[in-house]
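Beneath this line is the structure, given in structure tokens, with notes to follow.
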Amino acid sequence: MSTFLDGIVGIVGGAIDQCGWADRAASKLMIDTLVASAPFRPHPFSTASDYTSWKTLTDRTYQARQLPAADLGVLPEVTAVVALFKREPGQQRKSDKSTCLFPAFAQYLTDGFIRTNNDDRARTTSNHEIDLCPLYGRTEVQTVTLRLLDPTPGRRGRLASQIINGEEWSPYYYLRDGSGPDPSFQKLDTPLGVKDWPVERLKTLFAIGGDRANSTPFTAMMNTLLLREHNRIAGELEKQNPGWDDERVFQTARNIMIPIFIKIVIEQYINHIAPIPFNLVADPSVAWSANWNRPNWMTAEFSLLYRWHSLMPDEIEWPTRAIQLGDFVLDNSPLMEVGLVKAFLATASQPSAELGPFNTGWALLPIEQLAIQQGRANRLASYNSYRAAYGMEQAQDFSDISSNPKIVELLRNIYGDINKVEFYPGLFAEDRVDKSTLPSLLMRMVGVDAFSQALTNPLLSEHVYNSATFTPWGLDLIEQTHSLGDILKRQGATIDTGKIVMTQPSWHYGWYRP
């Protein structure tokens, strides 16, 4: 019977995908329904105080709160809770659905707006928008630092770059003599984590907008693709508009790049996550009259729910060699050795690890501990409170969270009371949703935030999303972009874009869906 129903669902989903008006209508219905499952912004609370004030409603250097601060009483030792995440050596579970392109893109995406202040974890340095700040910088000063700023015809509007072995890369952040950072880039954020490494190892790090975008060759790969696309677009805009100065070429190219990125967020990344029989489309008009269309403000909850450390495999199968995860950090030489196209093909051809409990490697366990501590420092409400806030039934027993007896036993032993289970551990303890990479509450929260934050971008607004903002050519380019492979191919890569995927080719939804 399930095979028959899957077939019926597949026929309907396939028909929706093949019909232009139907896919937009179905997407709008799905997005409206999902976003309506949670309270709309503005949130009355923030990490500035436990009560509503003008400060909690306006000071966006603090994180917003989806629920009021809560006192959960005496909680188990953090080390006991970390056991929920710890994986025994040699027992990593690989995903049956996702390739490594999924966590690579997820990290690059979220590092752009989930920016907890390490000195005060109630605060954030986020701009609260999907604005490609890893590429362009968080501030105007940083953006100027990253630009070529050359009015010469043929060089207008570009980001600074260098050519090595025939490929375009960002400039190096460190001086070639190993004496330290290049003074030209002192206005940029220092790459995160470099204090623990000798400069000689760090010499291949790039001067880029995000302090986290050098963290692995995966994230540097994403930024390099977008750097090249910005400069390619700038070149085309200059050809079509020879009277434009450097500033206008740059700003228009940036205008085009951000919606292109948002298109990929929805049409490749979210479609990989969503367990539905048709593909969602990134239609800006969905938000134009929606009552959930409100300015973005990243929340304390959102800064935690994207800690997907268990997705990273212990060993990266790189074209030149297998690289242990601990060695795949703060070193862009593996990326530059093989080039951008081979890096993307390698990333998209190997499975990621599976998101969930008992699957985080030892190297990332300290970050899990920090996440648990951050949830407590911000006094987040219980896991069950968030299920209720998102319109889901509350768990009555630990077995309602997971069908795995080992997880149930651990939760019962460390918490005792189902209503004492904390937000962060509860999110990841849940069973994974059928046909998705994520568990149920996490998937709903990601979906709500993805659409209510991506589609409310100022560049997608009713009065801005037009050919005057992007040029007719730029608007068409946005509309014709659906995946990372599309961008690679535009840059001259002779590849099958169907190989630059987040979903493993062997994966079957059980229904028709391309």
Side-chain angles (χ1 to χ4, degrees), residues 16-28 31 105 109 129-132 135-136 153-154 156-159 168 222 224-271 278-288 340 344 451 454-498 500-501 514:
I16 289 173
D17 279 334
Q18 298 302 313
C19 183
W21 67 266
D23 61 5
R24 290 177 181 270
S27 293
K28 177 173 172 46
I31 292 167
F105 185 83
L109 164 66
E129 294 287 354
I130 298 177
D131 60 358
L132 280 182
L135 179 65
Y136 295 116
R156 294 173 187 163
R158 272 61 161 192
L159 290 164
E168 185 178 23
M222 292 292 172
T224 300
L225 176 74
L226 298 173
L227 166 84
R228 294 181 187 182
E229 186 67 357
H230 172 97
N231 286 349
R232 188 192 72 82
I233 289 172
E236 186 60 35
L237 288 172
E238 187 183 4
K239 288 178 186 176
Q240 294 180 16
N241 306 275
W244 284 9
D245 62 8
D246 175 72
E247 183 69 12
R248 185 162 185 185
V249 173
F250 173 81
Q251 297 298 349
T252 305
R254 186 184 192 178
N255 287 351
I256 295 168
M257 284 295 298
I258 292 172
I260 281 176
F261 187 69
I262 291 172
K263 284 285 296 290
I264 294 168
V265 168
I266 293 174
E267 297 192 2
Q268 186 168 22
Y269 172 71
I270 293 296
N271 274 328
F278 62 90
N279 287 301
L280 296 164
V281 297
D283 177 10
S285 68
V286 167
W288 290 350
L340 190 65
F344 265 97
F451 292 118
L455 293 176
T456 55
N457 188 282
L459 283 165
L460 302 187
S461 73
E462 184 175 6
H463 308 295
V464 178
Y465 190 78
N466 53 47
S467 59
T469 301
F470 309 115
T471 75
W473 173 83
L475 183 59
D476 184 64
L477 189 69
I478 294 167
E479 297 289 351
Q480 296 305 315
T481 304
H482 307 285
S483 69
L484 295 164
D486 290 341
I487 299 179
L488 266 177
K489 196 154 191 175
R490 284 203 295 261
Q491 295 174 3
T494 55
I495 56 167
D496 175 2
T497 56
I500 310 300
V501 292

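In this structure, OG in Ser483 is found 8.5 Å from CG in Leu488, a value given to the nearest 0.5 Å. Between atom OG1 of residue Thr456 and atom CD of residue Glu129 there is a gap of 6.0 Å, rounded to the nearest 0.5 Å. Note: Thr252 OG1 to Asn241 CG = 7.5 Å, rounded to the nearest 0.5 Å. The CG atom of Leu477 sits 9.5 Å away from atom CE of Met257, with the distance rounded to the nearest 0.5 Å. To the nearest 0.5 Å, atom CD of residue Glu229 and atom CD1 of residue Ile233 are 4.5 Å apart. Between the CZ atom in Arg232 and the CD atom in Glu168 there is a gap of 11.5 Å [rounded to 0.5 Å].
Applying the ring pair (Phe, Tyr, Trp, His ring centres under 6.0 Å) rule to pairs touching residues 232-259 yields Tyr136-Phe250, His230-Phe250, sequence neighbours excluded. Among residue pairs with one or both ends in residues 455-480, those qualifying as ring pair (Phe, Tyr, Trp, His ring centres under 6.0 Å) are Tyr465-Phe470; sequence neighbours excluded.
Closest of all the heavy-atom pairs between Leu460 and Pro284 is O-CB, 3.6 Å. Closest of all the heavy-atom pairs between Ser27 and Val281 is OG-N, 3.0 Å. Here the closest non-hydrogen pair linking Asn457 and Leu459 is OD1-N, 2.9 Å. Contact detail for Gln480 and His482: the closest heavy-atom pair is O-CD2, 3.5 Å. Minimum heavy-atom separation, Leu159 to Asn231: N-OD1, 2.8 Å. Smallest separation of non-hydrogen atoms from Gly474 and Thr471: N-OG1, 3.0 Å.
Side-chain N or O atoms of Glu238 include none that pairs as donor or acceptor with a backbone N or O of Gly157 at under 3.5 Å. Judged purely by atom type and a 3.5 angstrom limit, Asn271 uses its side chain to pair as donor or acceptor with the backbone of Leu280. A side-chain donor-acceptor contact under 3.5 Å links Arg156 to the backbone of Pro242. Here the side chain of Gln491 pairs a donor or acceptor atom with the backbone of Leu225 at under 3.5 angstrom.
Side-chain contact, Thr469 with Asn466: a donor N or O sits under 3.5 Å from an acceptor N or O. Counted by atom type alone, Thr481 and Arg490 present one or more donor-acceptor pairs between their side chains at under 3.5 Å.
Looking at heavy atoms from C-beta onward, Ser285 lies out of side-chain contact with Lys28 at the 4.5 angstrom threshold. Contact of the Leu455 side chain with the Ile266 side chain is registered, since non-hydrogen atoms from C-beta on lie closer than 4.5 Å. By the 4.5 Å heavy-atom criterion applied to side chains, Leu340 and Arg228 are counted as neighbours.
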- request: Please report the C-alpha distance between Ile31 and Asp283 in whole Å, then the side-chain angles of each, then the deciding distance to 0.1 Å, and finally whether the side chain to side chain contact (heavy atoms under 4.5 Å, CB included) criterion is met.
  value: CA-CA 11 Å; Ile31 292 167; Asp283 177 10; over 6 Å; no
message: Between Met222 and Leu484, is the side chain to side chain contact (heavy atoms under 4.5 Å, CB included) condition met? List the steps.
response: CA-CA 9 Å; Met222 292 292 172; Leu484 295 164; 4.0 Å; yes
- prompt: Are Ile487 and Ile264 close enough, and set up right, to give a side chain to side chain contact (heavy atoms under 4.5 Å, CB included), and what steps lead you there?
  reply: CA-CA 10 Å; Ile487 299 179; Ile264 294 168; 3.6 Å; yes
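Listed by chain and number, the residues in a salt bridge (charged side-chain N to carboxylate O under 4.0 Å, His left out) with Lys263 amount to none (sequence neighbours excluded).
In this structure, Tyr269 has its ring center no closer than 6.0 Å to that of Phe261.
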